[in-house]
Number of protein chains: 2
Amino acid sequence: MPNDVGHEIADALGTLLRRGTRARLYARLTDGLGEAVDETTYPVLSGLARTGPCSAADLAGEIGLDRSGVTRRATRLEEAGLLRREPDPDDRRATLLALTETGQQTVKTTRQRLAAFIEASLASWPPEEAQSFARQLHRFVTTGPFAES
Amino acid sequence: MPNDVGHEIADALGTLLRRGTRARLYARLTDGLGEAVDETTYPVLSGLARTGPCSAADLAGEIGLDRSGVTRRATRLEEAGLLRREPDPDDRRATLLALTETGQQTVKTTRQRLAAFIEASLASWPPEEAQSFARQLHRFVTTGPFAES
DNA sequence: AAGAATAGCGTGCGCGACGCACGCAATCTG
DNA sequence: CAGATTGCGTGCGTCGCGCACGCTATTCTT
């Protein structure tokens with residue numbers, strides 16, 4: 001493998017991990033979806049969409065955050081009607097976090113926006129090139145130095 | 001283009017933009033390089049390595065941060081001996097920020113570590129596949145929805 | 001040439017996000 | 001049935017960040 005490869009990818013990852021990059025992308029994705037959903041609260045919605053209804057502690061582990069932070073974000077999202085707290089029927093001290101209908105819709109549209117952004121910037125690529133790139137990127141991220149520590 | 005492509009890349013970007021991902025990667029890259037260099041201060045070093053000696057305001061624009069933040073990080077790095085403040089010979093009110101020898105060395109080793117991580121996770125790939133992936137990723141990042149807004 | 005306007009810099013201040021730890025309620029254990 | 005444990009929300013301290021002020025040096029204006 002030529003030496004350039006590592007440095008070329010390093011450059012790309014560098015700009016990708018910039019604070020501003022993340023902020024701009026989230027701003028575009030959550031634009032017009034209400035005051036409550038932003039860069040900090042969206043991971044709660046997204047994680048909850050992945051796991052289904054679960055406790056705040058489990059969700060905290062899922063999105064890599066302290067339990068207290070999840071609780072606070074959840075209250076914000078609850079007040080905005082995107083999330084619902086329901087008592088766990090099996091354990092009366094536990095409360096389950098679950099997405100409401102609008103919450104699910106919010107996650108859905110956000111993901112569609114991201115996919116649309118990506119497809120737009122890949123529009124000029126040969127289809128099979130885009131396809132192989134997608135597979136390679138997925139493989140690189142899941143097997144690289146980014147796995148769950 | 002198949003619909004999967006957008007969603008597959010979206011997944012990869014999702015995990016890549018996780019808060020924890022960024023934190024873990026920076027922790028590994030800056031491990032043992034001294035107390036002062038961490039996730040927040042490294043962009044100052046890296047940006048300064050790209051631009052060469054320049055003012056705090058210019059560097060702020062470069063790394064997407066407020067000027068005051070650059071100043072504070074610069075003082076931390078200056079106390080650690082990684083950065084030097086020198087008066088601008090052409091403008092006596094201006095002070096230029098410049099990397100010291102150890103500062104340059106720190107940036108160099110950090111970049112080498114990142115490149116090594118990447119090459120390690122690409123070690124099992126066919127060389128020409130890695131090469132095309134690197135080019136595609138670079139192109140995707142520079143032309144995608146991540147450009148400077 | 002002198003006073004006004006501007007530019008560069010550092011710092012005080014408030015805001016928001018985060019983690020830790022405490023208290024309360026419910027549950028498990030012996 | 002009492003003590004230990006678990007789940008949850010919240011107060012507190014810390015930290016990073018942007019805004020705005022004051023100070024100094026420079027540039028503009030007349």
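A note on names: the letters A, B, ... follow the listed sequences, proteins ahead of strands, and every chain is numbered from 1.
- Judged by atom type and distance alone, R93(A) reaches the base of dT6(D) through a side-chain donor-acceptor pair under 3.5 Å.
- Summarising the geometry, the separation between CD on E35(B) and P on dC15(D) is reported as 11 Å, rounded to the nearest angstrom.
- Taking 4.0 angstrom as the limit, T71(A) places none of its side-chain polar atoms (N or O) nearer than this to OP1 or OP2 of dC8(D).
- Distance CG (D58(B)) to C1' (dC9(C)): 13 Å, rounded to an integer number of Å.
- Not one side-chain nitrogen or oxygen of R92(B) sits closer than 4.0 Å to the OP1 or OP2 atom of dA7(C).
- Annotation: the span from K108(A) atom NZ to Q105(A) atom CD amounts to 5.5 Å, rounded to 0.5 Å.
- Note that the OG1 atom of T40(A) and the CZ atom of R73(A) stand 5.0 Å from one another [nearest 0.5 Å].
- Residue side chain R67(A) reaches the base of dG9(D) through a donor-acceptor N/O pair under 3.5 Å, judged by distance alone.
- The number of heavy-atom neighbours closer than 6.0 Å to CD of E86(B), taken from other residues, nucleotides and ligands shown, is above 12.
- Between Y42(B) and R111(B), the closest heavy-atom pair is OH-CG, 3.8 Å.
- Summarising the geometry, the separation between CZ on R85(B) and P on dG8(C) is reported as 16 Å, rounded to the nearest angstrom.
- Side-chain N/O atoms of R72(A) and base N/O atoms of dG16(C) include no donor-acceptor pair closer than 3.5 Å.
- Taking atom CG of residue L96(A) and atom P of nucleotide dG7(D), one finds them 12 Å apart after rounding to whole Å.
- Applying the 3.5 Å distance criterion, the base of dC18(C) shares no donor-acceptor pair with the side chain of S68(A).
- As judged by a 4.0 angstrom heavy-atom cut-off over every strand, D91(A) is placed among residues touching the sugar-phosphate backbone only.
- Atom pair E86(A):CD and dC8(D):P shows a separation of 13 Å (rounding to whole Å applied).
- For the pair D66(A) CG and dG7(D) P, the interatomic distance rounds to 15 Å; values are reported in whole Å.
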Worked verdict on V141(A) versus L137(A) for side-chain contact (heavy atoms from CB on, under 4.5 Å) = CA-CA 6 Å; V141(A) 169; L137(A) 179 62; 4.1 Å; yes
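- Residue D90(A) contributes atom CG, which lies 15 Å from atom C1' of dC28(C) at whole-angstrom precision.
- Residue S55(A) is classed as a sugar-phosphate contact, given heavy-atom separations below 4.0 Å to backbone atoms only.
- For the pair R19(B) CZ and dG16(C) P, the computed distance is 18 Å after rounding to whole Å.
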